Amino acid sequence: MNDQTNPLSQIRPLTQEERQLAYAAAQEAVNRAVGERPQRELFNQYAALRFPPRVTKLITALCILLLLAAFTPSAIRLYVIGSETFGAAVPDARAAVAVGIATVLTAEIGQVVFSLALATLGTTRSARRLLYISMGIATAIALVGNVQVALPGHMHSPFAWLEAIAPPLMVLSTAYVLKEQMLVAIEQRHANERAYQDAINSWQRAALNPENHPRWMQFYANALRDALRKSNSRKREALEILTTADWRALVYRELQADQWYEQPALSGEMSEVASEVSSEPRPLALSPNGNCHHTAVSDRQ
């Protein structure tokens, strides 16, 4: 097939500048395909929950309400026993009030704090052991204080025993439920953050290094084809008869266009010439009339 019948020979190759413009166009195409930088708000509900958010919020609200209901009678009794016991040893009214409040915080709030701390700080066996021991001490203070205040004169009343023991245990159980809710929230937040970081890393790899995109060669080939069409816009007949295989050959030709140069293997004679050219120039000698002339490379006999 001669050049006149071969459609590929009628398509003018791209210049280096045109190929560079096509390369930049391919990079822009990759950036458009990747899209904008992922937003953190879009990943707040990425992880699927076991229950709808409204159910989780309802359980949390009911737990807080139950916690306040169980906390009230227990806190009053603990305040009384704490302030009276301290006042018997130290006759100071203000100090007794302070110790009564501290007793409530140590027992009731301690149960909640140590139970919730298991969700975040109980990562090692020693930490969990310490938190469980601390929670047990706080629960013991709450139980003993409630029993000592509520049962005198009511030792044979089943309800008195239940009313004295139930509030501290209800506080402990409610704190456990809140701890599980916190664990679920932490797991969801961690999954959302991990998904967001994965999306950011993928976006950065594609945005900063478009050549690493899985479809980079397709984008670059499309850009080269568009550049060839634009460069050969006057040759519509030749462009119309090009097949997919022809376009692949033309794109491959452009991909190889910048790879034509290779370092030549220098022969012995060429090496001497190259070394002579690369050597430093010899100083100029003055002629008798003051003009400069180059010294000869070698003296001819």
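If you're wondering where the values come from, they're calculated on a predicted model, not measured in any experiment.
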Partners meeting side chain to side chain donor-acceptor pair (under 3.5 Å) with [X] (sequence neighbours left out):
X    : value
T243 : D246
R40  : N44, E193
T60  : Q181

Indicate if [X] and [Y] have the same hydrophobic cluster label, given that clusters are the connected sets of ILVMFWY residues with side-chain heavy-atom separations under 4.5 angstrom.
X    : Y    : value
I109 : V97  : yes
L62  : L66  : no
I11  : L8   : yes
L172 : I76  : no
I81  : I165 : no

Taking [atom1] in [X] as the centre, count heavy atoms belonging to other residues, nucleotides or ligands within less than 6.0 Å. Is the count above 12?
X    : atom1 : result
Q256 : CD    : yes
R215 : CZ    : no
K235 : NZ    : yes

(message) Could you work out, with ring-ring contact (aromatic ring centres under 6.0 Å, His included) as the rule, every residue matching Y252, not counting sequence neighbours?
(response)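 Listed in chain order: nothing, the list is empty.
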(message) Donor-acceptor check, side chain of T72 to backbone of L68, threshold 3.5 angstrom: yes or no?
(response)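 It does hold such a pair.
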(request) Measure from the side-chain N and O atoms of E84 to the backbone N and O of G82, and report whether any donor-acceptor pair falls under 3.5 Å. (result)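 Side chain of E84 to backbone of G82: no pair is present.
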Just so I know, are the side chains of [X] and [Y] near enough to count as touching, which here means a heavy-atom distance under 4.5 Å?
X    : Y    : answer
L239 : R236 : no
L143 : L169 : yes
R19  : Q16  : yes
L255 : M217 : yes

For the student: nearest non-hydrogen atoms of [X] and [Y], plus distance:
X    : Y    : result
P167 : P73  : CG-CG, 4.2 Å
N31  : P210 : OD1-CG, 4.5 Å
Y79  : V104 : N-CG2, 3.6 Å
S83  : A96  : CB-O, 3.2 Å
A150 : A164 : CB-CB, 3.6 Å
A70  : M170 : CB-CB, 3.7 Å

Apart from [X] itself, residues in the same hydrophobic cluster as defined by side-chain heavy atoms under 4.5 Å:
X    : result
V144 : none
I133 : I137, I141
F86  : V90, V99
L116 : L67, V112, V171, L178, M182, I186

(request) Check side chain to side chain contact (heavy atoms under 4.5 Å, CB included) between A227 and all other residues, then give those that pass, not counting sequence neighbours. (result)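 Residues passing side chain to side chain contact (heavy atoms under 4.5 Å, CB included) with A227: L14, A22.
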(message) Using the rule given for side-chain contact (heavy atoms from CB on, under 4.5 Å), can you reason through Q148 versus R77, listing the C-alpha separation, both sets of side-chain angles and the distance that settles it, and then say yes or no?
(response) CA-CA 9 Å; Q148 186 173 343; R77 284 193 288 262; over 6 Å; no
Looking at [atom1] of [X] and [atom2] of [Y], how far apart are the two atoms once the value is rounded to the nearest 0.5 Å?
X    : Y    : atom1 : atom2 : result
M135 : L130 : CE    : CG    : 11.0 Å
L183 : E180 : CG    : CD    : 5.5 Å
L118 : L131 : CG    : CG    : 5.0 Å
Q10  : L242 : CD    : CG    : 9.0 Å
I101 : T106 : CD1   : OG1   : 11.5 Å
L21  : L224 : CG    : CG    : 11.0 Å

(message) Distance alone, cut at 3.5 Å: any donor-acceptor contact between the side chains of Q27 and E211?
(response)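 Q27 vs E211: donor-acceptor pair found between side chains.
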(request) Check whether the side chains of Q218 and N222 place a donor and an acceptor atom closer than 3.5 Å, and report yes or no. (result)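 The answer is yes; a qualifying pair exists.
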(request) Could you note down all residue pairs passing ring pair (Phe, Tyr, Trp, His ring centres under 6.0 Å) where residues 149-205 supplies at least one of them, sequence neighbours left out? (result)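 Every pair satisfying ring pair (Phe, Tyr, Trp, His ring centres under 6.0 Å) with a residue in residues 149-205: F43-Y196.
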(request) Could you name each residue pair satisfying ring pair (Phe, Tyr, Trp, His ring centres under 6.0 Å) that touches residues 214-246, not counting sequence neighbours? (result)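 Passing the test, one end in residues 214-246: Y23-W216, Y23-Y220, H213-F219, W216-Y220.
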(message) Go through it in stages, so that I can follow the logic: the residues are R253 and R248, the test is side-chain contact (heavy atoms from CB on, under 4.5 Å), and I'd like the CA-CA distance, side-chain angles, deciding distance and then a yes or no.
(response) CA-CA 8 Å; R253 183 181 68 180; R248 289 173 181 168; over 6 Å; no
(request) Sort and list the pairs that fulfil side-chain hydrogen bond (donor to acceptor under 3.5 Å, both in side chains) and have at least one residue in residues 134-143, not counting sequence neighbours. (result)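 Counting only pairs at least two positions apart or across chains, the side-chain hydrogen bond (donor to acceptor under 3.5 Å, both in side chains) contacts touching residues 134-143 are Q111-T139.
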(request) Salt-bridge test for E254 and R225: reply yes if a basic N is under 4.0 Å from a carboxylate O, no otherwise. (result)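 Salt bridge: no.
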